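Note on naming: letters A, B, ... go to the chains in the order of the sequence lines (proteins, then strands), and numbering restarts at 1 for each one. Everything numeric here is computed off the predicted structure, so don't read it as measured data.
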Amino acid sequence: MHSRCRSADDTPQEAAFRAEARAWISANAPKELEAELSQPTVGRIALKNKDILVESKKWQKKKAEAGWACLHWPKEYGGRGASPIERVIWQQEEGIYGKLEGVFLIGQGMCGPTVMAFGNEADKAKYLPKLASGEHIWCQLFSEPSAGSDVAGLRTRAEKKGDDWIINGQKVWTTGAHFSDYGIVITRTDPTQPKHKGLTMFFLDMKTRGVEVKPIKQANGQSEFNEVYFTDVKIPDSQRLGAVNDGWNVSLTTLMNERMSIGARQSTGFPELFAFCSNLMLEDGLAIDDKNVRSKLANWAVKASGLKYTSYRAISALSRGERPGPENSIGKLVAGTMLQDIATFALDLQGAAGVLSDADSVAAAGQFQSILLRSPSDRIAGGTDEILRNIIAERVLGLPGDIRVDKDIPFNAIPTKGR
Amino acid sequence: MNFDFSDDQKQLRDEARRFLAEHCPPKAIRAVLEGQQPYDRALWKGLAEMGFLGVAIPERFGGAGAGYLELCVIAEEMGRALAPVPFASTIYLAAEAIMLAGSDAQKAKWLPAIASGAAIGTLALFEGAGNPAHKTIKVSGSQGAISGTKAPVADGAIADFAIVAARTASTGRESDIGLFLVDLSGDGVQRRTLTNIDQSHNQAEIIFDRCKAEPLGAASEGWSILTRVLDRAAVLTAFEQLGGSDRALEMGRDYALDRIAFGRQIGSFQAVKHLLADMYVSATLARSNCYYGAWALSTNAAELPEAAATARISATQAFQHCAKNNIQVHGGMGFTWEFDCHLYYRRANALALSLGR
């Protein structure tokens, strides 16, 4: 069993690639951000006195110019044509600077591959390199107020008018729409067909007239998600991705690529909790020396380790040429719950002071308080825990699908109110 | 990267699975569980003939000299089949201790006998409740003789020899403990089978009364040898637990597809689907951690203690989780003697304790 447990396990070619990556990073990384990026972080990072978006774009551009952006993409679209292993080696070497990639993940991980699979050659050449280099940020306009877990229940309409399409409707939970340049959008183009059959996918410029983005104030007080309204938004037919009414299949490609974003840094909160317990003084000594704390930590350590090596197995399968399957749904399922449980435990250790989230007056700068308030969304966004369990049960274990009473009837005949 | 077994190792797995499906059906497990024989002698002989007992024993000592990854593969299949044979005590514990610390003469005497199935070995470590610690071991060893009581000793009533952890000094240090190799057919050995939660494996009490014993390794190094043996055994046991987890999950899945209630396959109800999905999640995390353990074991990596603990905890949790929920998926039938669910439930909970707390 050959593995990436240590760099000592590299083949000569891998070692050469690692050395090249390491040398380039060491010469080019934004070292002035090192101290801040080295802090344990879960979720979106914020830099003091610096704009994270600006810093992220700077680093991405530098990587793109030297051939280190979107490693696995073909060269003509701004990538490097690298193997899955090389991508992992790069991520290991990039380390904390990889945190600057967060704002690009949806565009590069999901929108880009969809455009690559379904866009025309001219658009691919025009848009993909700028997506890879971080010049453009993309978002993914899927969910709607009445179509969250049931994505195919969406109601945003697109109607053909000559060579153009006119889009009307509303999307919601659109991550990063407020700073995105482009987006891929799935719409209903034939409401007389069953719900999965009348959908069509497009991409569009977020500055198109009639597109309105309204950030949503979340339960934790921040705004990462948005509502996006479309009022008579006109786009040319050339921006259609895939065949008319085949949008569901196109979206499955997008979602498959979401899984392919393996090595995507899935936060569990464990390294942060471990660091916290190593420093926290309790009544009778350091938290890390307490038997009960250690036992809790061990349980989470084992889960975090299981996720890490599950991703190694997925990479092994990729390097054998296999496509990542639904079994990779376990990553988010396990990590989401862990994050929430860990935050609760960390507050518990702080006792009455655990209630304080004032960054200047509490342990770990209020980090776990912030995770506590944000973590519910990790168990919803990108598929709820329940949807992920269904995926595992149905597509991995082969259990029967849920009974779907709306599957085969025209979309416009589906009841819309419970009572 | 290849974080997986090789094609040859997968072939070995298929071969072991086929062999065990034929020679270790549930009725063979029940024969031992119900006391018809203390272990499955025919299966033990067959495993020896297939070369599975000596898979990691060097060729010059009668084994196949294949290595630890191959042993992990076999261990997983033994766990999947709930093989009622003294495999863990003989191979993971006794053979490993001899390979790590034995003299040439000890290796030459015992390893070929283990590989051929002629000798069953075990490790006599525990002395009642609690975690074994060098400070609490009471069995004493001096001048080639040991005295005291060990319990539980896995396969203690059927073993031909035991590696015994005994006190040789009382300075309060780890170096107080030495290991001794004891031929259990000799004078001064009294054995008594103890009933246990998984009667498909023997558990015994052994009383040593000034019993002849030869040192295994340096007198002061017993504890450090034990630690290393237990790390290795932890990885191998984790693979057994992994095999059991997978089989319990499969049983639950198959039953959920077959059984109809409320006019539907019960596996079409989300409550059942989600129970099974969670079993899959714990079995998958355990598999990944086991592969990490296998890597550390086979490369003798410095990470072995950590990797072994990780694999072992993860696989213990997975097997217990899958075995108990498999019964729930089966409903009332799952609690009958007739159905095999309880065989996995017993083994899951017995294996959870097999190397101490």
Tell me, yes or no, whether the heavy-atom count around [X] atom [atom1], taken from other residues, nucleotides or ligands under 6.0 Å, exceeds 12.
{"X": "B:Tyr345", "atom1": "OH", "result": "no"}
{"X": "A:Lys407", "atom1": "NZ", "result": "no"}
{"X": "B:Gln270", "atom1": "CD", "result": "yes"}
{"X": "A:Arg320", "atom1": "CZ", "result": "yes"}
{"X": "B:Phe269", "atom1": "CZ", "result": "yes"}
{"X": "B:Asp7", "atom1": "CG", "result": "no"}

Considering only heavy atoms, which portion of [X] lies under 4.5 Å from any heavy atom of chain A: side chain, backbone, both, or neither?
{"X": "B:Tyr291", "value": "both"}
{"X": "B:Ser314", "value": "both"}
{"X": "B:Ser298", "value": "neither"}
{"X": "B:Leu276", "value": "both"}

* Asked: Using non-hydrogen atoms only, which part of A:Leu333 is less than 4.5 Å away from chain B: side chain, backbone, both, or neither?
  -> side chain
* Determine the option with the most heavy-atom pairs under 4.5 angstrom with chain B, choosing from A:Ile330, A:Ile392, A:Ile403, A:Asp402. =>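 The answer is A:Asp402.
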* Asked: Does some side-chain heavy atom of B:Leu257 sit less than 4.5 Å from a side-chain heavy atom of A:Pro400?
  -> yes
* Asked: Side-chain contact, heavy-atom cut-off 4.5 Å: A:Thr310 with B:Thr284?
  ->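 A side-chain contact under 4.5 Å exists here.
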Atom [atom1] in [X], atom [atom2] in [Y]: separation rounded to 0.5 Å?
{"X": "A:Arg389", "Y": "B:Asp278", "atom1": "CZ", "atom2": "CG", "value": "4.0 Å"}
{"X": "B:Phe3", "Y": "A:Ser311", "atom1": "CZ", "atom2": "OG", "value": "9.0 Å"}
{"X": "B:Ser288", "Y": "A:Lys303", "atom1": "OG", "atom2": "NZ", "value": "14.0 Å"}
{"X": "B:Gln317", "Y": "A:Asn299", "atom1": "CD", "atom2": "CG", "value": "4.5 Å"}

* Where is the tightest heavy-atom contact between B:Thr310 and A:Ser305, given as atom of each residue plus distance? ->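 Residues B:Thr310 and A:Ser305, closest heavy atoms: CG2-OG, 3.3 Å.
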* To do: Return the option, out of B:Lys273, B:Arg264, B:Gln265, with the maximum number of heavy-atom pairs under 4.5 Å with chain A.
  =>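 Top option by heavy-atom pairs under 4.5 Å: B:Lys273.
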* To do: Specify which of B:Ala307, B:Ala294, B:Ala277, B:Ala296 makes the most heavy-atom pairs with chain A at under 4.5 Å.
  =>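 Max contact count across the listed options: B:Ala277.
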* Structure fact -> Among residues 229-256 of chain B, those lying within the under-4.5 Å heavy-atom range of chain A are B:Leu249, B:Arg253, B:Ala256
* Asked: Does the distance from a Lys or Arg side-chain N to an Asp or Glu carboxylate O, for B:Asp4 and A:Arg313, drop under 4.0 Å?
  ->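 Between A:Arg313 and B:Asp4 there is no salt bridge, as every charged N stays at least 4.0 Å from the carboxylate O atoms.
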